[in-house]
Novice: 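This is the structure I have questions about; it appears just below.
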There are 2 protein chains.
Amino acid sequence: MSFSITEENYIKAIFHLQQEDGTVSTNDLSAVLQTKPASVTDMLKKLKTKKLLSYERYKGVRLSAEGRRLALGIVRKHRLWEYFLFNTLQFGWDEVHEIAEELEHVTSKKLVEKLDAFLGYPRFDPHGDPIPDSHGKMTVRQQLNLIDLPVNKMAEVSGVGSQSSELLELLKHRNISMGTKLEVKRRFSFDHSLEIRIKGQQPFIISQQLAQALFVKLV
Amino acid sequence: MSFSITEENYIKAIFHLQQEDGTVSTNDLSAVLQTKPASVTDMLKKLKTKKLLSYERYKGVRLSAEGRRLALGIVRKHRLWEYFLFNTLQFGWDEVHEIAEELEHVTSKKLVEKLDAFLGYPRFDPHGDPIPDSHGKMTVRQQLNLIDLPVNKMAEVSGVGSQSSELLELLKHRNISMGTKLEVKRRFSFDHSLEIRIKGQQPFIISQQLAQALFVKLV
DNA sequence: GAAAAAATTTAGATTTGTCTAAAAATATTT
DNA sequence: AAATATTTTTAGACAAATCTAAATTTTTTC
């Protein structure tokens with residue numbers, strides 16, 4: 001069985017939304033895919049007949065084992081291409097997502113395996129997200145949200161919560177990127193902002209929203 | 001203005017058919033695109049309104065300057081990706097075309113330029129076809145370096161890189177002279193040596209230095 | 001230069017993925 | 001638990017790209 005680019009994008013979106021909570025709603029999908037809820041309903045019915053997901057009207061949706069396998073394949077391709085664009089072609093880490101959105105739909109299985117080998121079987125993409133291997137397995141990284149990082153523990157940035165250009169723009173301006181070493185100096189309960197200090201720089205304050213969008217690991 | 005993958009495939013097909021004779025017929029297009037003539041007619045009308053070609057009913061079709069520019073851009077992408085697949089990812093030269101058919105539709109301009117730079121601005125793809133540069137210009141090849149001769153293409157020796165007696169001595173010993181017909185059987189990336197076969201003889205291996213000193217033309 | 005053959009176009013239908021507007025089901029508020 | 005609000009689905013329509021069958025134009029043959 002083969003799938004259109006549109007179908008693949010639905011499956012990928014459901015996969016990502018499912019990470020948080022078990023079932024995914026029509027409205028959530030409508031929001032991330034930028035299509036009307038009515039169109040989402042139509043597509044869900046279609047994907048159900050293709051056995052990629054279980055769906056009952058008004059009850060939300062969940063990927064089947066088959067659907068999950070497909071999703072992992074797409075995510076694998078997306079992240080391998082991101083790695084290629086960043087490491088081989090020297091793109092900025094804020095540019096790679098958009099291009100990978102197209103490359104991820106190229107179908108050749110052999111291409112994916114050759115690319116993986118050429119890149120040296122990388123396990124994380126430029127945003128710190130794990131790259132599924134050819135069996136769909138991902139290395140889990142002991143990564144925590146910056147908002148949860150204990151005060152005065154040195155850590156390094158290992159992931160971001162979204163690929164939005166707004167976030168990436170802010171990070172660029174704040175001079176934060178993958179591997180940046182930092183620690184939390186203080187917490188302000190009023191607005192949940194944090195004072196952080198990047199190694200070798202003066203401390204400064206970041207918002208709760210930004211802190212929640214950053215993942216770090218202890219060093 | 002942007003174009004669908006289908007529209008791009010029509011433009012590319014017209015471009016290739018146009019190489020032979022000036023105008024292209026509905027039936028020829030129908031044959032290479034594997035669609036019914038009626039469908040071709042519909043698309044030609046559409047592409048005419050987009051000013052990519054000139055078309056009058058029953059009279060065949062010709063690309064406009066705009067259409068030619070678009071076609072060259074697609075051919076450029078196709079051949080750069082073929083070069084990448086063959087030279088970087090070590091695909092067989094018979095496998096690259098099919099995969100490049102998908103990659104050629106990825107839209108990022110910057111990707112094409114970065115890929116071109118990464119590959120070292122190659123001027124010919126693995127089949128020996130010229131790669132248009134970013135302005136759409138192609139090198140016309142009459143004579144090429146033996147090191148660039150695609151595998152399994154019969155060619156004849158048409159020139160040498162120097163007149164040094166050392167070179168000529170070696171050529172005499174190897175039994176190679178002007179007009180000798182040969183083909184490349186294999187390439188060894190380790191030392192860039194080539195296995196070649198002179199028509200009617202057993203294959204043997206020559207060094208990179210020797211290959212670079214020989215010019216051939218396709219026969 | 002007709003008649004026959006081939007190529008091309010028109011007309012009307014189909015599939016995919018989308019939309020709007022209205023109806024139905026579910027969730028929230030009071 | 002009734003009223004209200006929100007979410008989701010249904011019904012019917014539309015654009016893109018295709019098809020088949022029939023009509024038209026061009027080309028070839030005699």
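Throughout, a chain's letter reflects where its sequence line sits, starting with A, and its residues are numbered from 1.
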Novice: For A:M43 and C:dC19, give me the distance from atom CE to atom P, rounded to whole Å.
Specialist: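 Computing the A:M43:CE to C:dC19:P distance gives 11 Å.
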
Novice: Roughly how far, to the nearest 0.5 Å, is CG of B:L144 from CG of B:L218?
Specialist: 5.5 Å

Novice: Rounded to the nearest angstrom, tell me the gap between atom CG in A:N9 and atom C1' in C:dT18.
Specialist: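 In whole Å, C:dT18 C1' and A:N9 CG are 15 Å from each other.
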
Novice: If only atom types and distance count, is the side chain of A:K77 paired as donor or acceptor with the main-chain N or O of A:V106 below 3.5 Å?
Specialist: yes

Novice: In whole Å, what is the span from the OH atom of B:Y10 to the C1' atom of D:dA16?
Specialist: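 Taking OH of B:Y10 and C1' of D:dA16, I get 11 Å after rounding.
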
Novice: List the protein contact pattern of nucleotides 7-12 of chain D with one symbol per nucleotide (5' to 3'): B for base contact, S for sugar-phosphate-only contact, - for none; contact means a heavy-atom distance under 4.0 Å.
Specialist: SBBB--

Novice: So among B:E101, B:H105, B:H78, which one has a side-chain hydrogen bond (donor to acceptor under 3.5 Å, both in side chains) with B:K12?
Specialist: B:E101

Novice: Does A:R62 reach the main-chain N or O of A:S54 with its side chain, forming a donor-acceptor pair under 3.5 Å?
Specialist: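 The answer is no, because no donor-acceptor pair under 3.5 Å joins these two groups.
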
Novice: Over 60° means perpendicular and under 30° means parallel, so classify the ring planes of A:H127 and A:W93, tilted if in between.
Specialist: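 Ring orientation, 0 to 90° scale: tilted.
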
Novice: Just say parallel, tilted or perpendicular for the rings of B:F84 and A:W81, cut-offs at 30° and 60°.
Specialist: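 Tilted.
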
Novice: Over how many whole Å does the gap from A:I5 atom CD1 to C:dT18 atom P extend?
Specialist: 12 Å

